[in-house]
Amino acid sequence: MRAILIILALFLSGCTTVKPSIAEYNITIKDLDIAKSESGCKEKSLKIAKAFSSTSLASLRMDYTEFGNRVFAYSQSQWQESPSNIITSQLLKNIRESGLFKSVHSSNSRVKSDLILETNIEEFMQFYTQNLQKSYVKVVLSSSLIDVKTNSVVAAKTFNSKIDTKTLDASGGVEAFESALSEIISQNIEWLNGVCR
């Protein structure tokens, strides 16, 4: 009986496989060099709506594109949070720190706001060239500032950034995404400051 148990244990241990660990990535934007506005919308509150995106950008999967239209997912890398959540939280943090508005709140806050910033993620992808010798990321965000009382669009603008990666992997893509998103959020804050003048 004991011999059967040992053989069974050896058989079962041979059936187990070790899965490679999955590397998780987040996007952290370092402090943006934005001058504090003396004007802005100091008397108005702003709510940052959750960014609209495709279902793929609402997941943790890290996608990339080869040859222009073939989409793949990294097998050993994923986002710690979905890109749509990352972009929403970075917009909230950086616009709040800019001091443009009396207060800035997340979409799930019960606070009534004067304005809402809606963002649509039109593109957020890492691309590889046909020969796989180069890679770049492209980020395109469309923003609309909405007056809550009238439900009308105060202003709208599309921002885009394309950054080459330093390495041909997921890590290089994340670093390029950080640069692209930093550039776009800086432009977004400058745009909001101009709208509020």
Counting only N and O atoms by type, is there a donor-acceptor contact under 3.5 Å from the side chain of Ser109 to the main-chain atoms of Ser106?
-> no
What are the two closest non-hydrogen atoms of Ile121 and Ser53, and how far apart are they?
-> CD1-CB, 3.9 Å
Donor-acceptor pair between Gln126 and Tyr74 side chains, under 3.5 angstrom = yes
In a check of side chain to side chain contact (heavy atoms under 4.5 Å, CB included) between Val148 and each of Ile116, Leu46, Leu115, which one passes?
-> Ile116
Do Ser182 side-chain atoms and Glu178 backbone N/O form a donor-acceptor pair below 3.5 Å?
-> yes
Could you check if a side-chain atom of Leu132 sits within less than 4.5 angstrom of a side-chain atom of Glu66, using non-hydrogen atoms only?
-> yes
Are Tyr64 and Phe127 close enough that their ring centres sit under 6.0 Å apart?
-> no
Is there a side-chain contact between Phe159 and Asn188 (heavy atoms, below 4.5 Å)?
-> yes
Full working for side chain to side chain contact (heavy atoms under 4.5 Å, CB included) between Lys157 and Ser143 | CA-CA 5 Å; Lys157 189 167 181 178; Ser143 296; 5.7 Å; no
When you measure from the side chain of Ser103 to the backbone N and O of Ser45, does any donor-acceptor pair fall under 3.5 Å?
-> no
Side-chain donor-acceptor pair under 3.5 Å between Asn108 and Lys50, yes or no?
-> no
In sequence, state the C-alpha distance, the side-chain angles, and the governing distance for Trp191 and Leu145, and then conclude on side chain to side chain contact (heavy atoms under 4.5 Å, CB included).
-> CA-CA 10 Å; Trp191 167 69; Leu145 189 64; 4.3 Å; yes
Nearest heavy atoms of Val111 and Lys47, plus distance in Å | O-NZ, 2.8 Å
Ile86: which of Leu91, Ile27, Thr28, Ile29 passes side chain to side chain contact (heavy atoms under 4.5 Å, CB included) = Ile27
Side chain to side chain donor-acceptor pair (under 3.5 Å) with Ser142: of Thr158, Asn120, Thr119, only one passes, and it is Thr158
Is there a donor-acceptor pair under 3.5 Å between the side chain of Ser161 and the backbone N or O of Val139?
-> no
When rounded to the nearest 0.5 angstrom, what is the spacing between CG in Leu60 and CD in Glu81?
-> 8.5 Å
Begin from the C-alpha positions of Tyr25 and Phe177 and carry the test ring pair (Phe, Tyr, Trp, His ring centres under 6.0 Å) through to its verdict.
-> CA-CA 11 Å; Tyr25 292 95; Phe177 277 126; over 10 Å; no
Does the side chain of Phe101 reach to within under 4.5 Å of the side chain of Leu192, using non-hydrogen atoms?
-> yes
Report the distance from atom OG of Ser54 to atom CD of Glu123, rounding to the nearest 0.5 Å.
-> 10.0 Å
Should the pair Lys162 and Tyr136 be classed as cation-pi, given the thresholds of under 6.0 Å to the six-membered ring centre and 45° from the axis?
-> yes
Under 4.5 Å between any side-chain heavy atoms of Leu57 and Thr55, yes or no?
-> no
Give a yes or no on whether the backbone of Leu168 and the side-chain of Thr165 come within a donor-acceptor separation of less than 3.5 Å.
-> no
Ser98 side, atom OG; Asn94 side, atom CG - distance, nearest 0.5 Å | 8.5 Å
Can Phe72 be reached from Trp79 by stepping across I, L, V, M, F, W or Y side chains whose heavy atoms are under 4.5 Å apart?
-> yes
Between Lys138 and Asn160, is there a donor-acceptor pair closer than 3.5 Å when you use the side chain of the first and the backbone of the second?
-> no
Closest contact, heavy atoms only, Ile22 versus Ser75 = CD1-O, 3.3 Å
Distance-only donor-acceptor check, side chains Asp147 and Ser152, under 3.5 Å | no
Under 4.5 Å between side-chain heavy atoms, hopping through other hydrophobics if needed: is there a path connecting Val195 to Leu117?
-> yes
Can you hop from Phe124 to Leu92 via hydrophobic side chains spaced under 4.5 Å?
-> yes
When hydrophobic residues are tied together by side-chain contacts of less than 4.5 Å, even through go-betweens, does Val154 share a cluster with Leu141?
-> yes
Short side-chain donor-acceptor distance under 3.5 Å, Thr167 and Asp169 | yes
Heavy-atom closest contact (Lys42 atom, Lys102 atom, distance) = O-CB, 3.0 Å
State whether a side-chain donor-acceptor pair under 3.5 Å links Ser144 with Glu118.
-> no
Side chains of Arg61 and Gln78 in contact at under 4.5 Å (non-hydrogen atoms) = no
Min side-chain heavy-atom separation Ile189-Leu100 under 4.5 Å | yes
Hey, could you give me the CD1/CD distance between Ile95 and Gln90, rounded to the nearest 0.5 Å?
-> 11.0 Å
Using the side chain to side chain contact (heavy atoms under 4.5 Å, CB included) rule, take Asp63 and Met125 through it: C-alpha gap first, then chi angles, then the decisive distance, then the call.
-> CA-CA 7 Å; Asp63 290 337; Met125 182 65 74; 4.1 Å; yes
